[in-house]
Each structure stands twice: as structure tokens, then as C-alpha cells.
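Beneath this line is the structure, given in C-alpha cells, with notes to follow.
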Amino acid sequence: MKILVCISKTPDTTSKISFKENNTKFEESGVQWIINPYDEWYALVRAIELKEKDASIQLHLISVGGADYDPVIRKALALGGDEAIRINATNNDSYFIAVQIAEVAKQGGYDLILTGKETIDYNSSSVGGMLAELLDVPYISLATKVEVNNSAATVNREIEGGEETDEVSLPVVISCQKGVAEQRIPNMRGIMAARTKPLKVIEPAAVEALTNVVSYELPAPKAGVKLVAADNVQELVRLLHEEAKVI
Amino acid sequence: MVLIFVDHSDSEIKKSSYEVLSYGAALAEKLGTSAEALLLGAVKDDLATLGNYGVSKVHQVSNDALNNLDAQVYARAVADAVTSLNADVIVFSHNQTGKAVAPRVAARLKAGLVAGAVALPDTSNGFVVKKNVFSGKAFANVNITSAIKIISLNPNSFQVKQTGGTASVEQLNITVSEPKVKVTSVNKVKGEVPLTEAEIVVSGGRGLKGPENWKMVEDLAHELHAATACSRPVADAGWRPHHEHVGQTGIQIAPNLYIAIGISGAIQHLAGVNRSKTIVVINKDPEAPFFKAADYGIVGDAFEVVPKLTDEIKKLKG
């Protein structure tokens, strides 16, 4: 069996977000870069668990990004996986990214493709679904549990107000979230091994992006908190009812 | 034409669908075109009443294969409907269904998608849609350059508007493919308000000291007809189920009112809730960072304040 895990690089969750060049670019200085948590904690770790149970599984990682992605890809390889592929292109458009991954995935004949449910920077939840469509295979989104045997997957996925269990034949694309696996810390052996694992860099396919970011903005600051004394809860209820009009 | 995807579950149209209908109708008016709705499957509701949310026509594809969501089957049906009806813009909710289907439709039609929109497009120079990025810490204005455009709207981002209109309902005849995903069981939490659809959310953190103290959170939520939520440490400790965890790596919500009890307000937690219209923080630590992001606050012991708050709300409602 062959598994492909899609890896994005995102700012650390504690990063202060700011913009430069007239709010057209993300201010990267001082930002710590991490593997997108959904890609790492859930998609990648689950794939590693499956490989631990069946050593014949080939596990490949794929990213779309510039050379600045390499440290993050090595970090992912330190957790596990046999090799990584980086498509050498920088673009924020989900369709552009999905086409690049689809080109590689078509050649690779993967049975299972895992992504995180979204990246914590663009929050679009889009690449997995687009990839599935481009490969003409089923897509199960927002998975909370993924079990795989040779030819099929059993997946729990989030629905409104609960979960459902789905059965689907491979190949399939699945987007993963909490529940699928638990976060792991890479060990020294993994970190050493990652240095010599293959990281192939390939040039992107010619495709036009369908969207582009014109500018960014920060939310308007809050006016400031109105404090109510702990023995005057009645006043809070009055404010919520009469001023905020939310109850 | 603006085509609005109407989502439903348990034979009922979802609340988020009324938001996207109102959004799509406002967008059509802005573009000087018509707004029409597309419903896959069947619901109990009278579809003509969707006219009340600004659409002139409702296209229904009735087919048993559409009773469960298989994103591949749905996307094909939506794409075929778009082509046969000649729609220029498609609007989804950025909910569980929208996240499964909209990207597939986008790839199938080679249509640019802005996922998680929070406002109507600015059409003065292109087709620029404001969307949530960096998990609620910022917005991006994204231009869609393709001929067909797709927007998925963040839940609770657009005011529902009733127009008093009636829509004509037409059966749309398109071929529906065989589902490849088999749903073997559905497990819904009965009687609770789904977190992502809730207008009011009451949330608890480590300050509540243990799972045995959640009754007062639930009592308050019950009085407000609110959903309950929690911070990440609480879910990680197993005090509350993971599906209640709101924050950057949990569920992101934007209710009208968010009441945070015993939550300090770490940046990751704020990222999941800071689009809430009104935030109330109850915390005994006056230095808790959450107060900086709050509209109203009480510095005090949750174990005293929360039961009083529940009583006062009872009085207000009674």
C-alpha cells in the first residue's frame, strides 16, 4: 500500500499576526514556522501508525513551497515517512496547490491520501476536496477516526451535531482532525534518520491560479471591557439585554 | 445568476442555509442578476417558502442517492446544475457539507473558491471577497479571477433577511451517480444545540477545577438555550468531549454571545472565538488576558457568579 500525506508550513499558533508593504504581505520576521498542526498531529501521525503495523506500506510526504519549506519537511520526516517530495512553487491558491499535488499523485498510484482538515493560516479546508476531484476518487472530510485494511477504509467524520461512520473503497482522500491520532515528539533517531531520507524537489506544472490575495486586514480592536462587580450580576444581565441586545 | 446551495439534515433545512440564501440574494441584487436555490434530495419544508429569503426559483434534484452526503456525488450534481442553469456564482455555507462539496465543485468547474467568506464581495475592482485567515486573527481580501466564482460563507457571518416573497419550485433533471461512500451509522447528540449553529455559547475552562462542576455551566446554557463548549486543556484532560473544544485547533465559532467561565484566554483560544459578536468573561484573575478581548467582564469566583447569573436570566425570561 502507498500512502501520501500532504504537509503545509504555517506560522506557530502563538505567532502575532501582522502585515507589511501596505498590508499586502504577511510579516514573516520573527515568526516561528511549524508543520500545520492538522497535517502533523493527525494526518502524518496516523499514516506513521499504519506503517508501524504494516512495514510494507510506503509513506511519502508532499509539499508545495519554496526552499524555505525544507526545514519543516525534515521535521516531518523526523517523525516518520520514507521520502518527501517538494514541488518548487509559491502560491496561496488552493486550486493551484491541488493541481500540483494531483500531478504527482497520479504518477504515484497512492491508495490513501491524507491531509489536515485545514491549514491554520488560510483556513480554507479546500485542497483535499479539490485533490479528490482532480483524481476522481471519493473524499471524506473532517475525519475523527481512520481505519484502513488492504482495500477499504472505515472513517468517522464530523457532521453537524455529531459523527457518522463511513465505509469506502481505496483509493480515497481523507482530511483529518482531532481524534485521528495523538501528537508525537520526534526522537533523536528519527531526527538523524531524516537527514538522509530522500527529499525530491520537482518543478511545478503550468497552471493558472484562480484566486489571489489583494490585501490583508486585522480585526477592529475591541472598545475595551466593561467590568461589572461580582455582586451585581443583575447589571450584567441588563447590559446584555438592553445594550448588547444578545439575550 | 447566483445559485445558492441549500443544505439540510434530518429532512430539515439547516439554519446556515437561510444565511447563505440571504447572502446570495443580496449578492444577486448587487450584481443585477437573479438569485436561485439548489436543493439536492428531499426535505419536509415547503420549498416555495425559500422565496421569503430572496430567491425567485428553487431547483430540486430528487434522488434517493442524495439522502446521504457523498461529496463526489454531490459535487457532480451541483456542477451539472451550474452548467445546465448557467450560474455565474455559487454560494455554499462553510459548514461540514460546504467544506466537503465546494472544493470539489471548484476543481470540477475550474472555478475560483473563497472558503470562509465573511462579507459580500467588493465588485468595484474585480470580485474581491473578504475571508477569515490566520484562524480568526486576520482577514484576507481575495480576488476571484475565473469566470465562474464560488463563495462559501462562514456560519453566523451574515444577517438573515426575510423578504416576504415566494419562490417557484422546479424539478431539475440531472443524472446522479452511484455513491461510493456507504454510511454505516450516524451518531448525533440529541437535544443539544450544535456548537457551530448556536447563537449563544457558554464555555468553561480549567478554572472550573473538575468535570463534576460542569452542572452550573449546563444550567446556564439551558436557560439561554445555548451550546456548551470548553477550552483545550479541559478537553485534553477528558473533562469534556473533544467535540466541545473551541480554539485554534478545535472548532472555530462566531456566536452572538460567548460566555467564557474560568478561561484565561490564551491566544490559541481567542483565535477560535474572537469573531463572536459579544464576549463575556468571568474569571477570578483580573490579569487574565481574556479581559482584553472581552466586551463585558466580571472579576469574581465562578462558583458564586454563575449560579447568580442563571437566576437573573431566569428572572428576565420569566
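In the text below, chain A, chain B and the rest are named by the order of the sequence lines, each starting its count at 1.
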Just do the side-chain contact (heavy atoms from CB on, under 4.5 Å) check on A/V233 and B/V305 with the steps written out, would you?
CA-CA 7 Å; A/V233 176; B/V305 173; 4.1 Å; yes
Toward chain B, the part of [X] with a non-hydrogen atom under 4.5 Å:
{"X": "A/P219", "answer": "both"}
{"X": "A/I159", "answer": "both"}
{"X": "A/Q183", "answer": "side chain"}
{"X": "A/R238", "answer": "neither"}
{"X": "A/P11", "answer": "side chain"}
{"X": "A/T14", "answer": "both"}
{"X": "A/A209", "answer": "backbone"}
{"X": "A/L227", "answer": "both"}

Side chain to side chain, [X] and [Y], heavy atoms closer than 4.5 Å:
{"X": "B/L309", "Y": "A/L236", "value": "yes"}
{"X": "A/R157", "Y": "B/L69", "value": "yes"}
{"X": "B/R104", "Y": "A/Y139", "value": "yes"}
{"X": "B/V181", "Y": "A/E167", "value": "no"}
{"X": "B/V142", "Y": "A/V214", "value": "no"}

Contact class of [X] relative to chain A, heavy atoms under 4.5 angstrom:
{"X": "B/A111", "result": "backbone"}
{"X": "B/L316", "result": "side chain"}
{"X": "B/T310", "result": "neither"}
{"X": "B/D236", "result": "side chain"}
{"X": "B/R76", "result": "side chain"}
{"X": "B/Q252", "result": "side chain"}
{"X": "B/N256", "result": "both"}
{"X": "B/A100", "result": "both"}
{"X": "B/H225", "result": "neither"}

Here the salt bridge (Lys or Arg N to Asp or Glu O under 4.0 Å) pairs for residues 305-318 of chain B, sequence neighbours left out, are B/E312-B/K315
Between [options], which has the largest tally of heavy atom pairs under 4.5 Å with chain A?
{"options": "B/E304, B/K292, B/K110, B/K277", "answer": "B/K110"}
{"options": "B/A107, B/G112, B/G297, B/G300", "answer": "B/G297"}
{"options": "B/S152, B/G250, B/S185", "answer": "B/S185"}
{"options": "B/A115, B/A102, B/S135", "answer": "B/S135"}
{"options": "B/V186, B/V133, B/N68, B/N141", "answer": "B/N141"}
{"options": "B/T196, B/L224, B/V128, B/V280", "answer": "B/V280"}

Chain B: which of [options] shares the most heavy-atom pairs with it under 4.5 Å?
{"options": "A/V213, A/D93, A/N156, A/L218", "result": "A/V213"}
{"options": "A/S125, A/A223, A/A98", "result": "A/S125"}
{"options": "A/N123, A/V172, A/V228", "result": "A/N123"}
{"options": "A/I120, A/V237, A/V168, A/N232", "result": "A/I120"}

Residue pair [X] / [Y], side-chain donor-acceptor N/O under 3.5 Å:
{"X": "A/E164", "Y": "B/N187", "result": "no"}
{"X": "A/T165", "Y": "B/T184", "result": "no"}
{"X": "A/T13", "Y": "B/Q248", "result": "no"}

- prompt: Do A/W41 and B/T249 pass the side-chain contact (heavy atoms from CB on, under 4.5 Å) test, and can you show the C-alpha distance, the side-chain angles, and the key distance before you say yes or no?
  reply: CA-CA 10 Å; A/W41 304 347; B/T249 55; 3.9 Å; yes
Should we count [atom1] of [X] as having more than 12 external heavy atoms under 6.0 Å?
{"X": "A/E182", "atom1": "CD", "answer": "no"}
{"X": "B/N125", "atom1": "CG", "answer": "no"}
{"X": "B/K180", "atom1": "NZ", "answer": "yes"}

Quick check for you: to the nearest 0.5 Å, what is the distance between [X] atom [atom1] and [Y] atom [atom2]?
{"X": "B/F291", "Y": "A/K226", "atom1": "CZ", "atom2": "NZ", "answer": "16.0 Å"}
{"X": "A/Q234", "Y": "B/I313", "atom1": "CD", "atom2": "CD1", "answer": "12.0 Å"}
{"X": "B/F134", "Y": "A/S18", "atom1": "CZ", "atom2": "OG", "answer": "9.5 Å"}
{"X": "B/Q96", "Y": "A/E158", "atom1": "CD", "atom2": "CD", "answer": "4.5 Å"}

Discussion item. With side-chain contact (heavy atoms from CB on, under 4.5 Å) as the criterion, how do B/H94 and A/S124 come out once you've worked through the C-alpha distance, each side chain's angles and the decisive distance to 0.1 Å?
Written reply: CA-CA 9 Å; B/H94 194 53; A/S124 290; 5.8 Å; no
With a strict 4.5 Å heavy-atom criterion, list every residue of [range] that contacts chain B, or say none.
{"range": "residues 130-138 of chain A", "answer": "A/M130, A/A132, A/E133, A/L134, A/D136, A/V137, A/P138"}
{"range": "residues 107-119 of chain A", "answer": "A/K117, A/E118"}
{"range": "residues 239-247 of chain A", "answer": "A/L239, A/L240, A/H241, A/E243, A/A244, A/V246, A/I247"}

Scanning both residues in full, the closest heavy-atom pair of B/I267 with A/S15 reads CD1-O, 4.0 Å
Assess the residue pair B/K99 and A/S175 against the criterion (side chain to side chain donor-acceptor pair (under 3.5 Å)); give the C-alpha distance rounded to whole Å, side-chain angles, the decisive distance to 0.1 Å, and a yes or no. CA-CA 10 Å; B/K99 287 174 187 177; A/S175 82; over 6 Å; no
Donor-acceptor contact below 3.5 Å, side chain A/Y95 vs main chain B/L113
no
Tell me whether A/D166 contacts the main-chain N or O of B/V183 through its side chain, where contact means a donor paired with an acceptor under 3.5 Å. no
- Query: When you look at B/K14 and A/E160, which way does the side-chain contact (heavy atoms from CB on, under 4.5 Å) test go after all the steps?
  - Reply: CA-CA 10 Å; B/K14 288 186 190 171; A/E160 210 152 72; 2.9 Å; yes
